[in-house]
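Worth knowing before you read on, the calculation uses all heavy atoms, side chains too, and leaves out hydrogens, waters and symmetry mates.
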Amino acid sequence: MSDTILSFCMESSDRCPKQRAMVQAKTWVLTRHFEGFPKDSNFELKLEQLPEPKDGEVLLEALFLSVDPYMRPFSRVRMKEGEVMIGTQVAKVIQSINPAFPVGCHVVGRCGWRTHTVSDGTGLTCLLSDWPQDVSMSLALGAIGMPGLTALYGLEEVLGLQAGETLLVNAAAGAVGSIVGQIAKIKGCRVVGSSGSNDKVAFLKELGFDEAFNYKTVNSLEEVLMTAAPNGYDCFFENVGGLFSSVAIPQMKQFGRIAVCGSISTYNDTNPQTGPYPHLTMIFKQLKMEGFMVGRWEHKNPESLRRLMAWKREGKLQCREQVTEGFENMPAAFMGMLQGENIGKAIVKV
């Protein structure tokens, strides 16, 4: 998954010292691949002595780290046991022998769960050169970062959402879903959102969702979906999968479009869920269903990030964060996010 933030580095008058004491990084290692829901025993906190940066390298110090649903399935296919957990962070360059990343520059990097990193610059991109001082840099991991881009590209590139259409989004109070709903409202659409608590429903109503409900407390998911949109849904931004998807797909209009972003209800299953299957509904209603990952449109990121930032500055995007203090709490923040404890983007502040 690509979560690149493209632009120029912020200027800094800091100078990199010629010599610096050896830096000790804290890292969280995946001791064993997850079986079912993650446990504390899947993680181990380790210390690592980092070498001095060589020509072309930089030393990074993490400020904010992201925990995201994708880490659960991607860890299985992109990691070996004993490796540092995958993930993205906002970090400050504290030592540099790379002119592209001067000391004092703030970058977004796929460095994993670690407090310090020596990098040759691969996969590092600087925050927007004109990042406002009154906007937390943590948003580069959320609404003005990968989740915001995911929402934007899912709506525009996959769904082709048009003004006046009705959109359904589940996991709607999360990092992606909350931005999906707000962008859809900016575009003049009717938005129905599902979430898993009454507090989250209240949040969705604050964001301007036309209808919002707690899927855990409704008597009939089918009935609440029909009541919220009696004429059906033009578009469905899918983050959950499983039973919700099976009930929602028959509520689509003819030629409806479905963007499959996530399937969080299935990530921790030890046995795959089975049926019902949507094929006849998709045939009869001639639906379009497309999975996607944000990296497909990476070339559009600079302009897209500036659009997101402009909406934020204009007050059109609310960017709620659930901030956990302390690097030692990374596993707890990750597991809490998978259990739906967060409203908005889950962030760990070092």
How about [atom1] on [X], more than 12 heavy atoms from neighbouring residues, nucleotides or ligands closer than 6.0 Å, or not?
X: Glu222; atom1: CD; result: no
X: Lys26; atom1: NZ; result: no
X: Lys349; atom1: NZ; result: no

### Task
Show your working on side-chain contact (heavy atoms from CB on, under 4.5 Å) between Ser195 and Tyr215 and close with a plain yes or no.
CA-CA 6 Å; Ser195 62; Tyr215 73 91; 5.7 Å; no

Could you tell me if [Y] and [X] have a donor-acceptor pair between their side chains, going purely by distance under 3.5 Å?
X: Thr166; Y: Lys253; answer: no
X: Gln95; Y: Glu52; answer: yes
X: Thr122; Y: Asp120; answer: yes
X: Gln273; Y: Asp269; answer: yes
X: Ser197; Y: Asp199; answer: no

#### Entry: Intermediate values then yes/no, salt bridge (charged side-chain N to carboxylate O under 4.0 Å, His left out), Glu238 and Arg257
CA-CA 10 Å; Glu238 166 69 294; Arg257 294 99 70 198; over 6 Å; no

Measuring only between side-chain heavy atoms, which start at C-beta, is [X] closer than 4.5 Å to [Y]?
X: Thr27; Y: Leu45; result: no
X: Leu63; Y: Met137; result: yes
X: Val118; Y: Lys54; result: no
X: Pro147; Y: Val294; result: no

### Task
Would you sort out whether Asn329 and Thr324 count as a side-chain contact (heavy atoms from CB on, under 4.5 Å), showing the intermediate values?
CA-CA 7 Å; Asn329 293 317; Thr324 299; 3.7 Å; yes

### Message
Could you go through Leu152 and Trp311, starting from their C-alpha distance and side-chain angles, then the distance that decides it, and tell me whether this counts as side-chain contact (heavy atoms from CB on, under 4.5 Å)?
### Response
CA-CA 12 Å; Leu152 185 65; Trp311 285 332; 4.0 Å; yes

### Task
Dump the intermediate steps for salt bridge (charged side-chain N to carboxylate O under 4.0 Å, His left out) on Arg190 and Glu211, then the final yes or no.
CA-CA 9 Å; Arg190 187 168 186 275; Glu211 300 286 346; 3.5 Å; yes

Please round to the nearest 0.5 Å and tell me the distance separating atom [atom1] of [X] and atom [atom2] of [Y].
X: Ile258; Y: Ser245; atom1: CD1; atom2: OG; value: 6.5 Å
X: Leu287; Y: His279; atom1: CG; atom2: NE2; value: 12.0 Å
X: Leu280; Y: Ile249; atom1: CG; atom2: CD1; value: 12.5 Å
X: Ile144; Y: Leu317; atom1: CD1; atom2: CG; value: 6.5 Å
X: Phe37; Y: Leu338; atom1: CZ; atom2: CG; value: 5.0 Å
X: Glu206; Y: Ile343; atom1: CD; atom2: CD1; value: 8.5 Å

### Name of the residue among Phe209, Phe236, Tyr233 meeting side chain to side chain contact (heavy atoms under 4.5 Å, CB included) with Val192
Tyr233

### Task
Could you give me the CA-CA distance, side-chain angles and deciding distance for Leu308 and Leu149, then say whether side-chain contact (heavy atoms from CB on, under 4.5 Å) is met?
CA-CA 8 Å; Leu308 291 166; Leu149 293 170; 4.1 Å; yes

Would [X] end up clustered with [Y] when hydrophobic side chains under 4.5 Å apart are linked, directly or stepwise?
X: Tyr153; Y: Met293; result: yes
X: Val201; Y: Val176; result: no
X: Met309; Y: Leu155; result: yes
X: Val247; Y: Met226; result: no

[X] (side chain) donor-acceptor with [Y] (main chain) under 3.5 angstrom:
X: Glu156; Y: Gly154; answer: no
X: Gln182; Y: Ser178; answer: yes
X: Trp131; Y: Val135; answer: yes
X: Ser96; Y: Asn98; answer: yes
X: Gln24; Y: Gln49; answer: no
X: Asn170; Y: Ser194; answer: no
X: Lys285; Y: Pro250; answer: yes

### Query
Do NZ/NE/NH1/NH2 and the carboxylate oxygens of Lys205 and Asp210 come within less than 4.0 Å?
no

#### Entry: N-O pairing of Lys200 and Glu341 below 4.0 Å
no

### Message
Classify the ring geometry of Phe213 against Phe244: parallel below 30°, tilted from 30° to 60°, perpendicular beyond 60°.
### Response
parallel

For [X] against [Y], the heavy-atom pair lying closest together:
X: Val240; Y: Ser265; result: O-OG, 2.7 Å
X: Arg32; Y: Asn42; result: O-ND2, 3.0 Å
X: Ala259; Y: Leu159; result: N-CD2, 3.4 Å
X: Gly193; Y: Ala172; result: CA-CB, 3.9 Å
X: Arg306; Y: Asp130; result: NH1-OD1, 2.9 Å
X: Val108; Y: Ala140; result: CG2-CB, 3.9 Å

### Message
Show, in sequence, the C-alpha distance, side-chain angles and deciding distance for Ser138 and Lys345, and conclude whether the side chain to side chain donor-acceptor pair (under 3.5 Å) test is met.
### Response
CA-CA 10 Å; Ser138 61; Lys345 182 72 185 78; over 6 Å; no

### Task
State yes or no: are the ring centers of Phe43 and Phe34 separated by less than 6.0 Å?
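Yes - the distance between ring centres of Phe43 and Phe34 falls below the 6.0 Å cut-off.
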
### Query
Do the two ring centres, one from Trp113 and one from Phe334, sit under 6.0 Å apart?
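Ring centroids of Trp113 and Phe334 are less than 6.0 Å from each other.
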
### Task
Go through Glu165 and Lys187 one step at a time and tell me if the salt bridge (charged side-chain N to carboxylate O under 4.0 Å, His left out) criterion holds.
CA-CA 9 Å; Glu165 293 190 316; Lys187 291 180 175 291; over 6 Å; no

### Query
Would Asp68 and Ser66 count as a side chain to side chain donor-acceptor pair (under 3.5 Å) if you check the C-alpha gap in whole Å, the side-chain angles of each, and the deciding distance to 0.1 Å?
CA-CA 6 Å; Asp68 299 283; Ser66 180; 2.5 Å; yes

### Task
Show the numbers, then the answer: is there a side chain to side chain donor-acceptor pair (under 3.5 Å) between Ser246 and Tyr277?
CA-CA 7 Å; Ser246 298; Tyr277 302 102; over 6 Å; no

### Summary
Test salt bridge (charged side-chain N to carboxylate O under 4.0 Å, His left out), reference Arg114, set Glu48, Glu61, Glu83, output is Glu48

